Number of protein chains: 2
Amino acid sequence: MKDVLVLLKENNIKITDERRAILRVLQEAKLPLAPADLFLRLKPSMPKANLTTVYRNLEMLEDLGLVKRLGFNKNYFSYELIDGREHHHHIVCQSCGKVEDLENISEKFVSEIAKQTNFTIEDHNLEFFGLCVICQKEK
Amino acid sequence: MKDVLVLLKENNIKITDERRAILRVLQEAKLPLAPADLFLRLKPSMPKANLTTVYRNLEMLEDLGLVKRLGFNKNYFSYELIDGREHHHHIVCQSCGKVEDLENISEKFVSEIAKQTNFTIEDHNLEFFGLCVICQKEK
DNA sequence: AACTATATTGCAAATGACTTGCATTTGTCA
DNA sequence: TGACAAATGCAAGTCATTTGCAATATAGTT
């Protein structure tokens, strides 16, 4: 968490209560949060939290590369703290909505695509959808 | 294209001028189109085309599995005709926006994820972003 | 501790993609 | 051709997200 504060300072970004709270909630959530959801979780400890500010801060954190925006929901984006985490992807249960992380997706795979297309690959998004173990049993 | 008309009939869906035109434009585009873009391309041959109808028809075509909705643009979805095409993915140039198809992504990859997570995998979205050959040279 | 420059916030209003209600029109099939 | 269900057009609504601007807070500097 130290690194984050340093990075903010380096970018002339002031450390406000709401920012600290947003970072904390993201960290505690351990799952991608939609702005509205983050806002709700912020409220208890920060009654004057403001949804607009949440949006602005998520955008700022994304620009700094501290947060990743994920588009697997139909009507809104979710945001996840990158912190020092490994690059990873997600698998989403289509029945209960649970999100699990996928670590260890081989980079070999990405370089294969680069070779195939001659693109320089800067980023990639891999999303998997299906039924988690619990929801499989409920069928 | 015959199969499409048969499928529509089987679902009590009427074949209207606008539907024929939408299918033709999607087919000619050979790339995913946003509803607004599709609407523009529709206009010349169909001056009374209506954006609401475009939305409604894309949704219907998606429900029938004739069209795939893609979310790699920030503010809107794009739609691509599936027709008889192989399941495939896309790589998007972050500079010029060009979209290329990726065929031959190994299914081995998907089954590996299934084993790792114990999910039943129903769907997946793989998107790659980078610089195409032309835009690499312009740097 | 007060001062200043600049960043941040809060609120209300705007935006823009997409959806919906409903009256009118059109396709299909007997 | 006629009847009925489905499709369309238009206007209005929805909802996530963005923006303008005035008020406030932060972080150096005196």
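Letters go in sequence order (proteins before strands), and every chain restarts at 1. Hydrogens, waters and symmetry mates play no part in the numbers below; they use all other heavy atoms, side chains included. This is a predicted model, so every value here is computed, not measured.
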Undergrad: Without decimals, in angstroms, what is the distance between A:Leu58 CG and D:dA16 C1'?
TA: 13 Å
Undergrad: From the set C:dA17, D:dT17, D:dA6, return the single nucleotide nearest to any side-chain atom of B:Lys14.
TA: D:dA6
Undergrad: Within this structure, what is the NZ-to-C1' distance between A:Lys48 and D:dT24, rounded to whole angstrom?
TA: 10 Å
Undergrad: Could you tell me how far apart A:Phe39 (CZ) and D:dA16 (P) are, to the nearest whole angstrom?
TA: 13 Å
Undergrad: Grab the CD1-C1' distance between A:Ile22 and C:dT9 for me, whole Å please.
TA: 11 Å
Undergrad: Give the rounded distance in Å between these two atoms: CD1 of A:Ile15 and P of C:dT9.
TA: 12 Å
Undergrad: May I ask you to say what A:Ile13 touches in the nucleic acid, namely base, sugar-phosphate or nothing, with a heavy-atom cut-off under 4.0 Å?
TA: sugar-phosphate
Undergrad: Walk me through it: do B:Asn125 and A:Phe129 pass the test side chain to side chain contact (heavy atoms under 4.5 Å, CB included)?
TA: CA-CA 8 Å; B:Asn125 255 314; A:Phe129 302 91; 3.9 Å; yes
Undergrad: Counting only N and O atoms by type, is there a donor-acceptor contact under 3.5 Å from the side chain of B:Gln27 to the main-chain atoms of B:Ile22?
TA: no
Undergrad: Taking for each residue the nucleotide of DNA chain D bearing the nearest heavy atom, is the 5' side occupied by A:Ser78 or by B:Asn57?
TA: B:Asn57
Undergrad: Output the rounded distance in Å from CG (A:Asn12) to P (D:dA27).
TA: 11 Å
Undergrad: Rounded to whole angstrom units, what separation is found between the OH atom of A:Tyr76 and the P atom of D:dT14?
TA: 20 Å
Undergrad: What is the distance, rounded to the nearest whole Å, between atom CZ of A:Arg56 and atom P of C:dA12?
TA: 14 Å
Undergrad: Considering heavy-atom distances to DNA chain D, does B:Ala49 or A:Tyr55 have its closest nucleotide positioned more toward the 5' end?
TA: B:Ala49
Undergrad: So, is A:Thr53 close to the C:dG10 phosphate, meaning a side-chain N or O under 4.0 Å from OP1 or OP2?
TA: yes
Undergrad: For A:Thr16, answer base if it contacts any base atom (sugar-phosphate contacts may also be present), sugar-phosphate if it contacts only those atoms, and nothing otherwise; contact means non-hydrogen atoms under 4.0 Å.
TA: sugar-phosphate
Undergrad: For the side chain of A:Asn11 and the backbone of A:Ile13, is there at least one donor-acceptor N/O pair under 3.5 Å apart?
TA: no
Undergrad: Any side-chain to backbone donor/acceptor pair from A:Glu80 onto A:Leu26? Under 3.5 Å, distance only.
TA: no
Undergrad: Counting side-chain heavy atoms from C-beta on, which of C:dA17, D:dG9, D:dT18 comes nearest to A:Thr52?
TA: D:dT18
Undergrad: Might you work through the side chain to side chain contact (heavy atoms under 4.5 Å, CB included) test for A:Leu38 and A:Leu58, ending with a clear yes or no?
TA: CA-CA 10 Å; A:Leu38 171 44; A:Leu58 287 173; 3.8 Å; yes
Undergrad: Side chain of A:Arg19: nearest nucleotide among C:dT8, C:dG27, D:dG9?
TA: C:dT8
Undergrad: A:Asn50 side chain N/O closer than 4.0 Å to the phosphate oxygens (OP1, OP2) of C:dT8?
TA: no
Undergrad: How is A:Glu59 classified with respect to the nucleic acid when contacts are heavy atoms under 4.0 Å: base, sugar-phosphate, or nothing?
TA: nothing
